[in-house]
Amino acid sequence: MRLFNKQDSIAGMGCDPRYEVLFEPVRIGPVTAPNRFYQVPHASGMTNALPRVRAAFREAKAEGGWGVICTGACSVDPSSDDTPLPFATMWDGNDIRAHALMTEAVHRHGSLAGVELWHGGASVMNRTSRLPPLSPSGIPWMATHVGFMGNLRPKTMDKADIRAALDWQAEGARKARTAGFDIVYVYAGMGYLGYEFLLPEYNHRIDEYGGSIENRVRFVRELIEVTKDAVGKDCGVALRVSLEELRGRPGRNQPSEAHELIELLADLPDLFDVKMDSSPTDCSASRFTGEGSHEPVIDFVKTLTKKPVVGVGRFTSPDTMVSQIRRGVLDLIGGARPSIADPFLPAKIREGREAEIRECIGCNICISSWHDGVPVRCTQNPTAGEEWRRDWHPERVQRTSRPERVLIVGGGPAGLECALTLGRGGHGVTLADGGSSFGGRLTFEKTLPGLAAWNRVVDYRLGRLDEMPNVSLYLESALGVDEIMELAPQRVVVATGARWTNMLYTSMEIPVGTLDHRQVFTPDDIASGRLPDGPTLVFDFDNYYMGGVLTEHLARLGISVSYVTPAGQASAWTIMTNELPLVHRALAERRVPVTTLHLLKSFDGETATLTHVFTGEEMHVACRSVVIVGLRKPRNELYDALLARADELKASGILGVERIGDALAPGAIAHAVHSGHKLARELGLVLPSRPYRRDTPIVDAEDFDMRAAAE
């Protein structure tokens with residue numbers, strides 16, 4: 001076994017003077033943010049149905065030093081109903097009490113609480129309320145993805161509807177103040193109602209709300225005014241506005257209509273929260289976009305207003321943050337994904353522990369949680385969404401009173417996370433991997449186009465393990481049953497990952513049979529350095545990133561490649577992570593032919609035969625190699641061998657053998673990390689009959705002593 005050399009670590013020495021500007025307070029109307037770290041509104045999958053889960057999730061960020069903590073979209077009226085996507089509501093007293101749990105939790109740590117009041121306008125389908133959606137001119141958002149599709153078209157708003165929408169905003173603001181919020185939002189972005197008035201494609205009106213930019217801004221202005229009238233003495237009023245489309249439209253008196261909008265509203269809100277127009281650009285994945293990508297669109301805002309400005313850019317580097325402040329781009333550093341990946345990011349900078357930041361990898365698994373309608377998940381932070389349900393703290397692990405010697409076999413994401421969490425809990429850990437470096441699947445995947453940032457999963461964990469005297473790391477250490485018994489651990493954790501198969505796929509949407517040919521490859525072959533001859537056909541029914549990014553990789557190597565999938569789009573599941581349009585653009589840039597709705601039937605070394613999923617019609621593609629990106633199966637040889645000698649293991653003092661990660665059930669890296677963390681938290685515990693605490697909505701809260709609205 002080759003011991004992995006640890007480096008001497010240097011403890012934090014307090015805040016680096018270069019970063020002290022990040023901890024300056026910022027005035028937002030009548031309230032003051034304690035520092036410049038601002039968790040902007042973002043979806044969490046935690047609606048009013050999960051008030052305790054939501055409160056604990058947001059509280060972790062306040063404890064970690066974020067000066068402002070905001071909700072996600074919070075509907076002001078049943079005519080803004082995004083079911084089945086998760087959204088919060090501010091409709092009644094029960095909602096007030098549910099939100100008060102969050103504001104009270106945030107205030108315990110000295111942070112401000114913000115609420116993103118929201119009306120979805122034409123972009124919602126009102127599936128539950130069954131009310132007609134509202135639109136400035138009856139123009140709907142005609143989504144192309146089935147999860148967003150609907151058949152109910154919006155009603156054209158008349159003056160009474162406009163007045164009602166303003167009343168809903170004002171009443172929502174008053175309820176928000178009663179719930180304890182310090183900052184109340186007007187939302188005019190991402191295709192929602194305020195945005196629809198701003199954009200001519202939605203707004204065809206010929207009255208005072210349509211036509212010129214001055215008229216199209218009127219509704220947003222009035223939303224701000226009624227909000228300030230309702231709560232402006234007590235709460236800061238923020239405008240969240242998308243500028244991407246308007247920045248591309250020439251203005252009459254300014255370089256763009258985005259400039260004109262900011263100029264027209266410059267003195268009205270207490271804060272500008274500026275963003276992009278659609279999810280693929282607003283929260284683009286790291287595979288396609290780097291840190292600070294919004295700057296070219298929003299860099300002008302501070303030149304036109306004296307009010308503070310917050311924006312995002314997947315900021316994880318304190319140097320980048322300071323640069324944004326010093327260069328006058330932003331006043332507050334907005335964070336959504338980075339605040340999920342590391343709720344304690346601000347505290348670590350303040351304490352001089354920048355090396356300990358659990359940096360967001362930009363995989364957008366968190367965003368897929370919202371599309372799935374479940375509490376947020378994170379590849380880097382397995383405790384996200386589990387703070388209340390499982391009582392998991394993002395930085396603290398309860399020290400065990402009965403430390404055990406644990407051997408983990410496999411140093412991929414699951415094994416590294418398990419070792420880290422066990423080490424923090426006080427166990428003696430040996431982590432052994434048969435390769436020459438740790439990382440498991442990421443050893444190869446980090447080399448693929450755009451995925452370098454994903455290796456932060458490995459770097460963060462190795463950095464922390466490097467500091468632990470109770471953890472030993474070994475490379476080039478392929479272990480069998482005999483070697484494991486010689487090491488005499490009390491527990492064995494198998495984290496040997498999974499392998500890609502050459503299985504085919506049927507019109508029943510089931511992997512069936514295999515395609516055996518010397519020129520049939522899997523991603524494992526390419527990872528090992530065995531490359532196909534071109535032209536190559538990539539057949540992808542995994543549907544996540546691997547098929548698309550591997551196709552890019554082969555094209556980048558100069559191999560002629562085409563892409564085939566039974567799904568309707570390339571890398572179809574990436575619609576969930578906002579990557580789908582960017583995947584297609586990337587393949588188009590590489591001039592890769594994309595064939596959808598087809599199955600791979602056969603391959604003879606010269607021709608691949610495809611069949612249409614629905615019609616069965618055949619087509620033939622000339623190719624010399626096929627790469628199948630489909631089903632993965634666990635690498636369970638070691639696990640099975642250990643179980644076969646269970647009596648010997650018991651006699652040698654081994655109390656149990658467990659599997660984690662892909663060796664247990666293949667999935668995304670987020671699943672592997674969560675699996676490793678969960679096992680480490682539960683090792684040696686007598687588990688309750690229920691796997692986690694179930695939250696319940698707050699109902700019939702008439703006994704809640706609602707604070708009277710201030711005059």
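Along the sequence shown, residues are numbered consecutively beginning with 1. Everything quoted here is computed from the prediction, not taken from an experiment.
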*Does T289 reach the main-chain N or O of S286 with its side chain, forming a donor-acceptor pair under 3.5 Å?*
no
Exercise. Do K275 and V241 come within less than 4.5 Å of each other through their side chains, counting heavy atoms only?
Worked result: no
Contacts of H677 meeting side chain to side chain donor-acceptor pair (under 3.5 Å) (sequence neighbours excluded), chain-then-number -> E417, T421, R681
Any donor-acceptor pair under 3.5 Å linking the side chain of S137 with the backbone of I139?
no
Can a donor-acceptor pair be found, under 3.5 Å and without considering hydrogens, that links the side chain of D273 to the backbone of R240? no
Sorted by chain and number, sequence neighbours left out, salt bridge (charged side-chain N to carboxylate O under 4.0 Å, His left out) with E201 holds for R249
- request: Answer with yes or no whether the side chains of N502 and T522 bring together a donor and an acceptor at under 3.5 Å.
  value: no
Within the distance-only criterion (no hydrogens, no angle test), does the side chain of W500 pair as donor or acceptor with the backbone N or O of I628 below 3.5 angstrom? no
Judged by atom type as modelled, is there a donor-acceptor pair below 3.5 Å linking the side chain of N126 to the main-chain atoms of D81? yes
#### Entry: CA sep, side-chain torsions, deciding dist, call: W118, Y192, ring pair (Phe, Tyr, Trp, His ring centres under 6.0 Å)
CA-CA 8 Å; W118 161 79; Y192 300 129; 5.5 Å; yes
Counting C-beta onward and ignoring hydrogens, is there a side-chain heavy-atom pair between V594 and Q569 closer than 4.5 Å?
no
(message) Would Q380 and Y460 count as a side chain to side chain contact (heavy atoms under 4.5 Å, CB included) here? Give the steps.
(response) CA-CA 9 Å; Q380 275 283 59; Y460 167 75; 4.3 Å; yes
Next on the checklist: Could you check whether any side-chain N or O of H584 sits under 3.5 Å from a backbone N or O of P581, counting only pairs where one atom can act as donor and the other as acceptor?
Outcome noted: no
For this session: Take M576 and I367 through the test side chain to side chain contact (heavy atoms under 4.5 Å, CB included) and record every step on the way to the result.
Result: CA-CA 7 Å; M576 307 294 281; I367 292 166; over 6 Å; no
Handout entry: Main-chain N/O of S75 paired to T89 side chain as donor or acceptor, under 3.5 Å
Key = no
Check: Would you say S135's side chain and K155's backbone share a donor-acceptor pair under 3.5 angstrom?
Finding: no
What pairs of donor and acceptor atoms, side-chain ones from residues 540-548 against any protein atom, are under 3.5 angstrom apart with sequence neighbours left out?
from, atom 1, to, atom 2, distance (Å)
D540, OD1, D542, N, 3.0
D540, OD1, N543, N, 3.1
D540, OD2, Y563, OH, 2.5
D542, OD2, Y544, N, 3.4
N543, ND2, F541, O, 3.4
Y545, OH, R441, NH2, 3.0
Y545, OH, E445, OE1, 2.5

Across all chains, not counting sequence neighbours, the salt bridge (charged side-chain N to carboxylate O under 4.0 Å, His left out) partners of R314 are none
Those residues at least two apart in sequence (or on a different chain) that pass side chain to side chain donor-acceptor pair (under 3.5 Å) with S560 are none
Practice item. Take R247 and D299 through the salt bridge (Lys or Arg N to Asp or Glu O under 4.0 Å) test and state the conclusion after the steps. Key: CA-CA 11 Å; R247 181 75 192 260; D299 58 357; 3.1 Å; yes
Taking every heavy atom of D695 against every heavy atom of W388, the minimum-distance pair comes out as N-CZ3, 3.6 Å
- Task: Begin with the C-alpha distance, continue with both residues' side-chain angles, and end with the deciding distance and a verdict on side-chain hydrogen bond (donor to acceptor under 3.5 Å, both in side chains) for T281 and E244.
- Result: CA-CA 9 Å; T281 54; E244 187 177 11; 2.9 Å; yes
Q.
Do R389 and Y692 form a cation-pi contact, if we require the NZ or CZ to be under 6.0 Å from the six-membered ring centre and within 45 degrees of the ring's axis?
A. yes
Taking every heavy atom of A341 against every heavy atom of R358, the minimum-distance pair comes out as O-NH1, 2.8 Å
query = Within the distance-only criterion (no hydrogens, no angle test), does the side chain of T501 pair as donor or acceptor with the backbone N or O of L631 below 3.5 angstrom?
reply = yes
Residue set satisfying ring-ring contact (aromatic ring centres under 6.0 Å, His included) with F521, at least two apart, ordered chain then number -> none
Residues pairing under salt bridge (Lys or Arg N to Asp or Glu O under 4.0 Å) where one sits in residues 572-597, two or more places apart or in two chains, turn out to be none
Nearest heavy-atom contact between S80 and W91 is O-CZ2, 4.4 Å
By side chain to side chain contact (heavy atoms under 4.5 Å, CB included), P449 pairs with (sequence neighbours left out) V549, E552, H553, R556
Closest heavy-atom pair, P413 versus V673, reported as atoms and distance to 0.1 Å, is CB-CG2, 3.9 Å
- Task: Taking atom types as modelled, find out whether K601 and T611 have a side-chain donor-acceptor pair closer than 3.5 angstrom.
- Result: no
For E196 and A122 the tightest heavy-atom approach is OE2-N, 3.0 Å
>> Could you go through C74 and E116, starting from their C-alpha distance and side-chain angles, then the distance that decides it, and tell me whether this counts as side chain to side chain contact (heavy atoms under 4.5 Å, CB included)?
In response: CA-CA 6 Å; C74 186; E116 184 182 54; 5.6 Å; no
Could you tell me if the side chain of S602 sits less than 4.5 Å from the side chain of T609, heavy atoms only?
yes
**Asked** Taking the six-membered ring for Trp, are H674 and W392 parallel (under 30°), tilted (30 to 60°) or perpendicular (over 60°)?
**Response** tilted
Across all chains, not counting sequence neighbours, the side chain to side chain donor-acceptor pair (under 3.5 Å) partners of K678 are E682
Should R216 and E257 count as an ion pair when the cut-off is N to O under 4.0 Å? yes
Residues passing the side chain to side chain donor-acceptor pair (under 3.5 Å) test with K633, sequence neighbours excluded, are none
Can you find a heavy atom in the side chain of H204 that is under 4.5 Å from one in the side chain of P136? no
Steps toward side chain to side chain contact (heavy atoms under 4.5 Å, CB included) verdict (R287, L451): CA-CA 5 Å; R287 179 177 164 190; L451 298 188; 4.2 Å; yes
Residues 361-372 vs side chain to side chain donor-acceptor pair (under 3.5 Å), sequence neighbours excluded, gives R337-N364, S368-R377, S369-R377, D372-R377
Those residues at least two apart in sequence (or on a different chain) that pass salt bridge (charged side-chain N to carboxylate O under 4.0 Å, His left out) with D277 are none
| Is any side-chain heavy atom of L131 less than 4.5 Å from a side-chain heavy atom of P78? | yes
Discussion item. Assess the residue pair S79 and H119 against the criterion (side-chain hydrogen bond (donor to acceptor under 3.5 Å, both in side chains)); give the C-alpha distance rounded to whole Å, side-chain angles, the decisive distance to 0.1 Å, and a yes or no.
Written reply: CA-CA 8 Å; S79 60; H119 197 291; 2.9 Å; yes
Do the side chains of L442 and V457 get nearer than 4.5 Å, heavy atoms only? yes
Side chains of E386 and F57, heavy atoms from C-beta outward: is any pair under 4.5 Å? no
ask   = Do F603 and V520 have side chains that get closer than 4.5 Å, going by heavy atoms?
value = yes
On a heavy-atom basis, the closest approach of A570 and T596 is N-CG2, 4.5 Å
For F148 together with W141, are the ring centres under 6.0 Å from each other? yes
Could you check whether R635 pairs with D524 (Lys NZ or Arg NE/NH1/NH2 to Asp/Glu carboxylate O, under 4.0 Å)?
yes
